[in-house]
Structures are given as structure tokens and as C-alpha cells.
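Any value given below was found using the heavy atoms of this structure, including those in side chains, with hydrogens, waters and symmetry copies removed. Numbered from 1 within each chain, the chains take letters A, B, ... in sequence-line order.
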Number of protein chains: 2
Amino acid sequence: MKRKTFGRMNCSIARALELVGEWWTMLILREAFLGTRRFQDFQRNLGIARNILSARLKKLVARGILQRSAARGGGRRLEYRLTEKGRAFFPVLMALMQWGDRFAACAGGPPVRVVDRVAGEPIAELNVLARDGRVLSAADVRMVPGPGAGALTRARFRRAQAVKASGGGGESLHEDRSPA
Amino acid sequence: MKRKTFGRMNCSIARALELVGEWWTMLILREAFLGTRRFQDFQRNLGIARNILSARLKKLVARGILQRSAARGGGRRLEYRLTEKGRAFFPVLMALMQWGDRFAACAGGPPVRVVDRVAGEPIAELNVLARDGRVLSAADVRMVPGPGAGALTRARFRRAQAVKASGGGGESLHEDRSPA
DNA sequence: CACGTTGGTTTCATGATGAAACCAATACGC
DNA sequence: GCGTATTGGTTTCATCATGAAACCAACGTG
């Protein structure tokens with residue numbers, strides 16, 4: 001059967017993954033953040049098949065995450081650059097990298113260090129913070145329905161409230177709303 | 001051909017994605033952070049096929065991200081809970097959620113709000129920070145080879161240095177080292 | 001010890017991925 | 001202008017992953 005889409009789910013994580021969650025896509029974005037712009041460089045640096053790279057780049061452009069433009073030089077020279085939407089993905093990749101550094105490390109330590117250009121020092125550890133700056137773990141937060149929550153999402157949270165510590169979740173966050 | 005593995009790449013993002021980058025996996029983790037523990041609840045809340053859920057849970061347990069234990073009640077009642085490694089994934093999901101809230105929004109706004117239990121206020125926006133607290137964008141950082149960088153990674157960065165603003169990337173980060 | 005509940009596995013149809021071959025647009029040498 | 005190298009693809013085919021539904025097994029309960 002056809003792969004299920006996350007794009008209609010009532011969850012920003014699901015909808016984000018619909019845009020960048022396919023195999024290879026986040027690594028293509030990593031490359032873009034490292035400065036890669038040309039098709040061949042993406043292909044060589046990643047070792048990805050060219051048909052797949054072509055399909056992913058096309059989707060990323062269609063989704064407004066990369067933009068394509070012509071460049072001078074021999075051949076049909078093109079450039080793929082991050083848009084504002086693409087650049088805003090930076091914290092996600094850094095969070096993923098720090099988690100990988102810690103829990104999926106290469107022998108010898110982190111393969112790449114990210115340093116602040118101004119101070120010349122490594123960047124800080126990424127943390128979820130309260131407005132007043134306290135570091136928050138998952139246990140320190142509560143998830144509540146937001147303004148865009150659909151009926152099923154609200155029902156789910158009501159039920160989760162009811163069964164606090166006595167069992168399972170509730171209705172469902174899937175197929176709760178139509179796409180944006 | 002068989003799907004290519006990211007696990008041997010010399011990049012923490014690739015290695016992290018090898019552990020949690022498959023279709024559905026991050027949504028399963030989202031559910032876990034929302035408090036879901038039982039097989040049926042994951043299945044209902046996500047709308048995932050049961051064979052896929054079974055396979056994903058098995059892998060997440062094998063990878064030390066979830067842990068399985070028996071629970072009391074009718075039937076063969078099991079529980080899947082986040083380990084320390086799993087809980088450390090929290091910032092990644094929050095970063096992804098905030099990006100989704102902004103760029104893949106549901107009609108009406110964010111479907112879920114995350115509020116600090118103590119203050120009762122929404123959490124702060126996640127940002128990459130310098131050690132001294134300055135907010136850093138991708139343009140404000142430099143990527144340099146770390147202690148775990150392999151030969152190809154180092155070569156790649158050297159070359160990137162050389163061609164600064166004149167073209168493409170360099171060697172490659174793929175197949176640079178053996179797995180941890 | 002039959003029965004419902006829970007947590008799977010099996011089977012089969014279909015889509016996604018990977019490798020290599022093939023194709024097209026552009027700049028450049030001449 | 002014309003052939004050719006470079007770049008950026010598309011096509012083809014074999015294999016793997018995904019999804020849905022059917023089937024199966026462990027456990028607690030009456």
C-alpha cells in the first residue's frame with residue numbers, strides 16, 4: 001500500500017516530518033548548512049543515488065525549503081540554497097547532532113565541532129528552556145491543546161487527563177484536520 | 001537494492017537518523033513523550049499498522065531508546081517507556097515541533113502547546129546559543145573537524161576551506177569510519 | 001478450562017530505494 | 001557554427017519497506 005502521509009495529522013511534528021522526514025532529506029539539509037550548493041557535490045558528499053537526490057531536491061524546492069537558481073560556469077550549472085524556511089531548520093539539526101554526539105558517537109568523539117565565529121568557542125548545549133531561562137526536561141512540561149487542535153486532539157487530551165497514571169492515552173491525533 | 005545505512009557515516013546527524021530516522025519512529029517517540037506506554041495506545045493514537053509498530057518498538061528497545069516491561073492487568077500487558085537516552089531526545093522533538101508550528105501549521109494555529117508546569121507559561125523558543133547566551137544563526141557558526149573526524153572528513157573540510165566561495169564541497173562524509 | 005484482552009506474526013499487494021545506463025542543456029575550444 | 005566536456009538530470013530494473021487484514025499466542029479471569 002501507499003506510504004501513509006503525515007501531512008494531515010493534527011500535530012506539528014508529524015507535519016514537519018512530512019516535509020523533511022524522508023530518508024536522506026535531513027542529510028541533504030545538513031549538506032546545505034555545510035555550504036554545499038551543487039547537485040554533484042550533494043551527490044558525492046552523501047553517496048546518494050542520483051535519481052533519489054533529484055527527487056528530494058525537487059521536493060525541497062517545491063516545499064520552499066531550498067531555492068534553485070542558475071550559476072555561471074561550464075555545463076548546466078545550478079545552485080540549491082537554503083531559504084529562510086530552510087535556515088530556520090538549524091536548531092533541529094543542531095539538536096539532532098548533539099544527541100548523536102552523545103548517544104551514537106563515532107569512535108574518538110564527535111566528528112564535527114560547531115564553533116561560534118565570534119568567540120571561537122564551541123556552541124552551548126541545546127536545551128528546552130522556560131521563559132525565565134530554567135532548563136526544562138520532559139517531566140517539567142505539560143502538553144495542552146492549542147488553538148489549532150481538532151476535536152479528536154481535544155478529546156484525546158481530556159481522556160489523558162482523566163486516566164492520569166492509570167493506563168493509556170486517548171482518542172488519536174491522526175486524521176484530525178485537513179491540510180493547511 | 002537494500003536501503004543504504006547511515007550508521008557508518010562520519011556524522012552524528014547521520015548516525016542519529018540511523019537510530020530514529022525511519023518513517024514513524026519519531027512519531028512513536030512523540031507519543032511516548034505524551035505518556036503513551038501500551039502497544040494498543042500507540043497503534044490507535046498513531047493509526048500505524050501493527051506489524052510496523054511492532055518492528056519499530058522492537059528496534060527502539062534494541063537501541064536503548066525505549067525499555068519494555070510487563071504490567072499488571074488482563075491479557076499480556078506490556079509497557080514501553082523512555083530510557084534516559086530516549087528522554088534526552090526531548091529537545092529534538094521540541095525543535096521540530098516549533099519549526100512545524102511556524103512553517104507547516106494547521107489551520108487555526110499550533111495544535112499542541114507545551115507549557116512549563118511551574119510557571120504555567122508556554123516554553124521559550126528554542127535557539128542555538130553561544131556559551132555566553134547570544135542567539136546564533138547558521139551564518140554565525142563555523143563547522144570544523146572534531147576529535148572523531150576521519151581522514152575523508154578532514155580532507156573535506158580542508159578542501160571546503162580552500163574553495164571558500166568559489167564552488168562546491170569536498171571529499172565526502174560517507175563511509176569514513178567504522179561503526180561505534 | 002473456555003473466553004476476552006493484549007500483543008504480536010504472516011501473507012500479500014504495492015510503493016520507495018539504489019545502481020547503472022541513458023538523455024538533454026549549456027559553455028567552451030576551435 | 002560545431003563538436004565536446006560538464007552538469008544535471010530521467011529511465012529501467014531488481015530489491016526492500018510499508019500497509020492492511022488475517023491469523024496466532026500468552027495471560028488473567030470467571
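- Salt-bridge check for B/Lys59 with B/Glu22: passed, with a basic side-chain N closer than 4.0 Å to an acidic carboxylate O.
- With 3.5 Å as the limit, one finds no donor-acceptor pair spanning the side chains of A/Asn51 and A/Ser54.
- A search for side chain to side chain contact (heavy atoms under 4.5 Å, CB included) contacts involving B/Gln40 returns B/Arg44, not counting sequence neighbours.
- Judged by distance alone, the side chains of A/Asp41 and A/Thr36 never bring a donor and an acceptor atom under 3.5 Å apart.
- With rounding to whole Å, B/Lys2 atom NZ is found 13 Å from C/dT17 atom C1'.
- Nearest-nucleotide mapping onto DNA chain D: of A/Asn51 and A/Thr5, the residue sitting toward the 5' end is A/Asn51.
- Each of A/Phe6 and A/Ala55 lies near DNA chain D, and the nucleotide nearest A/Ala55 is the one positioned closer to the 5' end.
- Side-chain N/O atoms of A/Lys58 include none lying less than 4.0 angstrom from OP1 or OP2 on D/dG9.
- Under 4.0 Å is where a charged nitrogen must lie from a carboxylate oxygen, and between A/Glu31 and A/Arg81 no such pair does.
- One can place CZ of A/Arg50 at 14 Å from P of C/dC23, the figure rounded to the nearest angstrom.
- The residues A/Asp116 and B/Arg142 are annotated as not salt-bridged, no charged nitrogen and carboxylate oxygen being separated by less than 4.0 angstrom.
- A/Tyr80 has a side-chain polar atom (N or O) that falls below the 4.0 Å cut-off from OP1 or OP2 of D/dG9.
- The distance from atom CG of A/Leu46 to atom NZ of B/Lys4, rounded to the nearest 0.5 Å, is 9.0 Å.
- Taking 4.0 angstrom as the limit, B/Trp23 places none of its side-chain polar atoms (N or O) nearer than this to OP1 or OP2 of C/dA16.
- The separation between A/Arg77 atom CZ and D/dA5 atom P is 16 Å, rounded to whole Å.
- Side-chain nitrogen and oxygen atoms of A/Ser54 include at least one within less than 4.0 Å of the OP1 or OP2 phosphate oxygen of D/dT10.
- Distances shown here put every side-chain N or O of A/Arg3 at or beyond 4.0 Å from the OP1 or OP2 atom of C/dG15.
- Between the P atom of C/dA19 and the CG atom of A/Leu53 lies a distance of 13 Å, rounded to the nearest Å.
- Taking the six-membered ring where the residue is Trp, A/Phe90 and A/Phe33 present tilted rings, their angle falling between 30° and 60°.
- Counting non-hydrogen atoms under 4.0 angstrom, A/Arg76 reaches a base of the nucleic acid.
- Heavy-atom distances under 4.0 Å link DNA chain C to B/Arg68 of residues 61-71 of chain B, given in residue order.
- Between the CD atom of B/Glu79 and the C1' atom of C/dT5 there is a distance of 16 Å, rounded to whole Å.
- A/Phe42 comes within contact range of no nucleotide atom at all, as no heavy-atom separation falls under 4.0 Å.
- Side-chain N/O atoms of A/Trp24 include none lying less than 4.0 angstrom from OP1 or OP2 on C/dA16.
- As rounded to whole Å, 12 Å separates atom P of D/dT6 from atom CZ of A/Arg38.
- The distance between atom CZ of B/Phe39 and atom P of C/dT9, rounded to the nearest whole Å, is 8 Å.
- Nucleotide D/dA14 holds its C1' atom 17 Å from the NZ atom of B/Lys4, rounded to whole Å.
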